Amino acid sequence: MIRQLARCVGKYRRDTLLTPLFVVFEVVMEVLIPLLMSYLIDYGINQGNSGIIVRLGIALVISTLISLTFGALAGHYAASASAGFAKNLRQRMYYRVQEYSFSNIDRFSAASLVTRLTTDVTNVQNSFQMIIRIAVRAPIMLLFSLGMAFSLNPRLSLIYLAAIPLLGGGLLLIAVKAHPVFERVFRTYDRLNNVVQENLRGIRVVKSFVREEQEEEKFKDVSRSIFRDFSLAEKLLAFNSPLMQFAMYGCMLLISWIGAKMIVSSTMTTGQLVSLIAYTSQILMSLNMLSMVFVMIIISRASAGRIVEVLEEESDLAGPEEPLLEVKDGSICFEEAGFSYYGDPGRLCLADISLSIAAGETVGIIGGTGSAKTSLIQLIPRLYDVTAGRVLVGGQDVRRYDLETLRSEVAVVLQKNVLFSGTIRENLRWGDPEADDSELERVCRLAQADEFIRRFPDGYDTYIEQGGTNVSGGQKQRLCIARALLKKPKILILDDSTSAVDTRTDALIRRALREELPRTTKLIVAQRISSVMDADKIIVMDDGRVSAVGTHDELMASSTVYREVYESQQKGGNEHEIA
């Protein structure tokens, strides 16, 4: 875990190393100050020597200023190092997530990844800053102060050695009890984040079904869990402060009491007692700092573990050593392919899929809810990998291709259409960043989107809100189709991507695709038979298997299920799904 995190220091290594160096210089000057005060009292004030008072006074001022300067430099470099470390850590996590397959993301959940990129990184950043500054300052201050105290009065300094084991044992007990609670808290934070994201995404549904109270109660339940766990953890950590105060003031009282007796018996000077009390404050303040670092490490240790889980997660989509960098054509072949979301051959959602699709063909895929239509098409661009068998594109196993090369030639418009915040023009250029305006307009005409875009006051510069909330479902679908067409793919997959448009617009889109993209292999997943009946072939899916394959006329003659659905849709004018 430490090795993984240390890699994120990167170019801030210099700042990380300079911080403890300046801290050491700061501590050295601070430790000298009580010694100078002792000499000032004993040899200057008590003896009435004004020359010594002036010289030592100047030395004290200079020492204080030097200590302040080194402290400021240490703070500056610590802030730079910790902020840079957090930036690198967040970047590395984010880039790592970009490499994940869908199954990797499914394992973590989006809400959990957001929490790890925000709350957990902040915890580790705070801990890192304390480690390179406070965790260096505290033990050095402790050792130097103890050394100076023993040099002044070894017998009286033994009091410190009695206080240290008491504090150490107490802090260890607090850590053992508090760490599991913090681990539980951060898992609950994932749930809270998920509840909030789900509510915000589905706010229109929540309001239309008047479910605000239920959603509020769900939020309160998770919040109460966090409150209970955090309260318990904070109660445990709260013992740290009284333990420190008890040790600090106990030592001061003992030293003052015994030291006063030693001054009366002339075995100690007043200056030495003042210095010992000052060193007592420094020693116990050092222990207090160590306890703060200790607490922060307890909190951040759980966060660090969650971050490292993201960094060490290996993508399920491993690339070959010598990947293919060109897709010959848009032909597709499934050879006894099987797939499980769990990677378990005993729990396949797709089984024994054997299909052959020629380049340039238009293929319809129809089937009931849960028949694994979407799972089937997601294997083509390697959004998931097959559990059994093979999927070939352009005559080659998809696992032999460079992933970017393969996905550049396969455009997928998924069921859940996503538009990003930005103008329509910016969203379309996800398909091709170099596309000019004439190309944008061409693909929008093919997708039947140009007409409604021109009706907007700002046309192609119309701003799309996050998630595309300011356009209708049909408009969003057509914009996503246009974006996919801009890639000029060899394979175009429309996963129920015209469900929100009327049948006339659907027919116009299909005709445009057929006439304008004759060499592109087109896979159309649909619930309406009218959307696929003119395809070169239609695949009927049922319970994760291919039930039948053929043209519309062939299936009407050979497939009872297909015929029944067609007749029910024609009779009632409804778009029923295959049962």
Side-chain angles (χ1 to χ4, degrees), residues 98-103 105 315-320 323-335 337 339 350 353 355-365 372-386 389-418 427-435 443 446-447 477 479-498 509-510 513-514 516-526 532 535-537 539 541:
Q98 303 310 303
E99 298 172 2
Y100 283 178
S101 67
F102 280 19
S103 57
I105 295 172
S315 174
D316 294 338
L317 305 179
L324 300 173
L325 300 175
E326 183 182 357
V327 179
K328 182 175 137 186
D329 56 42
S331 61
I332 303 167
C333 183
F334 290 84
E335 295 181 350
F339 171 67
L350 279 170
I353 305 295
L355 292 168
S356 182
I357 300 168
E361 276 192 316
T362 299
V363 178
I365 303 174
K373 304 185 297 297
T374 298
S375 300
L376 179 74
I377 59 98
Q378 286 180 342
L379 300 177
I380 297 169
R382 279 195 83 193
L383 298 179
Y384 291 95
D385 264 343
V386 289
R390 294 198 304 167
V391 178
L392 283 70
V393 169
Q396 298 289 339
D397 191 318
V398 292
R399 289 169 291 196
R400 293 194 58 202
Y401 286 109
D402 170 71
L403 201 56
E404 187 175 337
T405 298
L406 174 65
R407 290 181 180 171
S408 294
E409 299 295 352
V410 181
V412 186
V413 184
L414 295 169
Q415 281 179 325
K416 295 181 180 178
N417 298 289
V418 176
N427 268 276
L428 292 173
R429 284 191 172 133
W430 275 61
D432 180 3
E434 305 303 322
V443 294
L446 292 178
Q477 286 186 335
L479 287 172
C480 289
I481 291 171
R483 182 174 64 188
L485 293 176
L486 205 58
K487 287 180 71 173
K488 302 181 182 67
K490 289 187 168 70
I491 299 171
L492 174 65
I493 300 172
L494 304 179
D495 185 6
D496 207 12
S497 303
T498 56
I509 292 172
R510 284 185 285 112
L513 296 180
R514 185 170 57 251
E516 298 290 333
L517 304 172
R519 296 182 181 178
T520 298
T521 305
K522 297 167 281 293
L523 277 68
I524 303 171
V525 179
V532 297
D536 296 319
K537 68 174 70 166
I539 300 166
M541 298 291 297

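A quick note: this is a predicted structure, and the numbers were derived from the prediction, not measured.
Across every non-hydrogen atom of Leu403 and Pro381, the tightest pair is CD1-O, 4.4 Å. Minimum interatomic distance between Ala482 and Val443 (heavy atoms only, all atoms of both residues): O-CG2, 3.7 Å. The minimum heavy-atom distance between Ile380 and Val391, with the atom names listed, is CA-CG1, 4.4 Å. For the residue pair Val418 and Arg483, the shortest heavy atom distance occurs at O-NH2, 2.9 Å. Nearest heavy-atom pair across Asp496 and Gln477 is O-NE2, 3.7 Å.
Under a 3.5 Å cut-off, the side chain of Ser315 and the backbone N or O of Tyr100 do not form any donor-acceptor pair. Counting only distance, with no hydrogens or angles, the side chain of Asp397 and the backbone of Arg400 share no donor-acceptor pair below 3.5 Å. Using a distance-only test at 3.5 Å, with no hydrogens or angles considered, a donor-acceptor pair links the side chain of Tyr401 to the main chain of Val393. Between the side chain of Lys522 and the backbone N or O of Thr520 there is at least one donor-acceptor pair closer than 3.5 Å. A donor-acceptor pair under 3.5 Å links the side-chain atoms of Arg429 to the main chain of Ala435, judged by distance alone. Judged by distance alone, the side chain of Lys490 and the main-chain N or O of Arg519 form no donor-acceptor pair under 3.5 Å.
A distance of 8.5 Å separates OG1 of Thr405 from CG of Leu324, quoted to the nearest 0.5 Å. The line from CG of Leu492 to OG1 of Thr521 is 9.5 Å long, rounded to the nearest 0.5 Å. Note that the CD1 atom of Ile491 and the CG atom of Leu406 stand 7.5 Å from one another [nearest 0.5 Å]. With values rounded to the nearest 0.5 angstrom, Lys373 atom NZ is found 12.5 Å from Ile539 atom CD1. How far CG of Leu446 is from CG of Leu486: 10.5 Å, rounded to the nearest 0.5 Å. Interatomic distance, NZ of Lys487 versus CG of Asp432, reported as 10.5 Å (0.5 Å rounding).
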task = Kindly determine whether Met541 and Ile353 satisfy side chain to side chain contact (heavy atoms under 4.5 Å, CB included), including the steps that lead there.
result = CA-CA 10 Å; Met541 298 291 297; Ile353 305 295; 4.3 Å; yes

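Side chains of Leu523 and Leu494 form no contact here, defined as non-hydrogen atoms less than 4.5 Å apart. Taking the side chain as every heavy atom from C-beta outward, Leu325 and Glu404 never approach each other to under 4.5 Å. In this structure, the side chains of Val410 and Pro489 stay at 4.5 Å or more apart for every pair of heavy atoms. At a threshold of 4.5 Å between non-hydrogen side-chain atoms, the residues Leu479 and Asn427 do not count as touching. The shortest distance between side-chain heavy atoms of Ile524 and Ile493 does not fall below 4.5 Å. Side-chain contact between Ile509 and Thr498: present, with at least one pair of heavy atoms (C-beta onward) separated by less than 4.5 Å.
Residues that satisfy the side-chain hydrogen bond (donor to acceptor under 3.5 Å, both in side chains) test with Arg407, not counting sequence neighbours, are absent from this structure.
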Under 3.5 Å, sequence neighbours excluded: what are the donor-acceptor pairs made by side chains of residues 356-364?
unit_1, atom_1, unit_2, atom_2, d
Glu361, OE1, Ala358, N, 2.9

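When the options Asp385, Val398, Leu350, Ile332 are evaluated for a side chain to side chain contact (heavy atoms under 4.5 Å, CB included) with Leu379, the one that passes is Leu350.
Other residues, nucleotides and ligands place no more than 12 heavy atoms under 6.0 Å from the CD atom of Glu326.
A donor-acceptor contact closer than 3.5 angstrom is absent between the side chains of Asp495 and Ser497.
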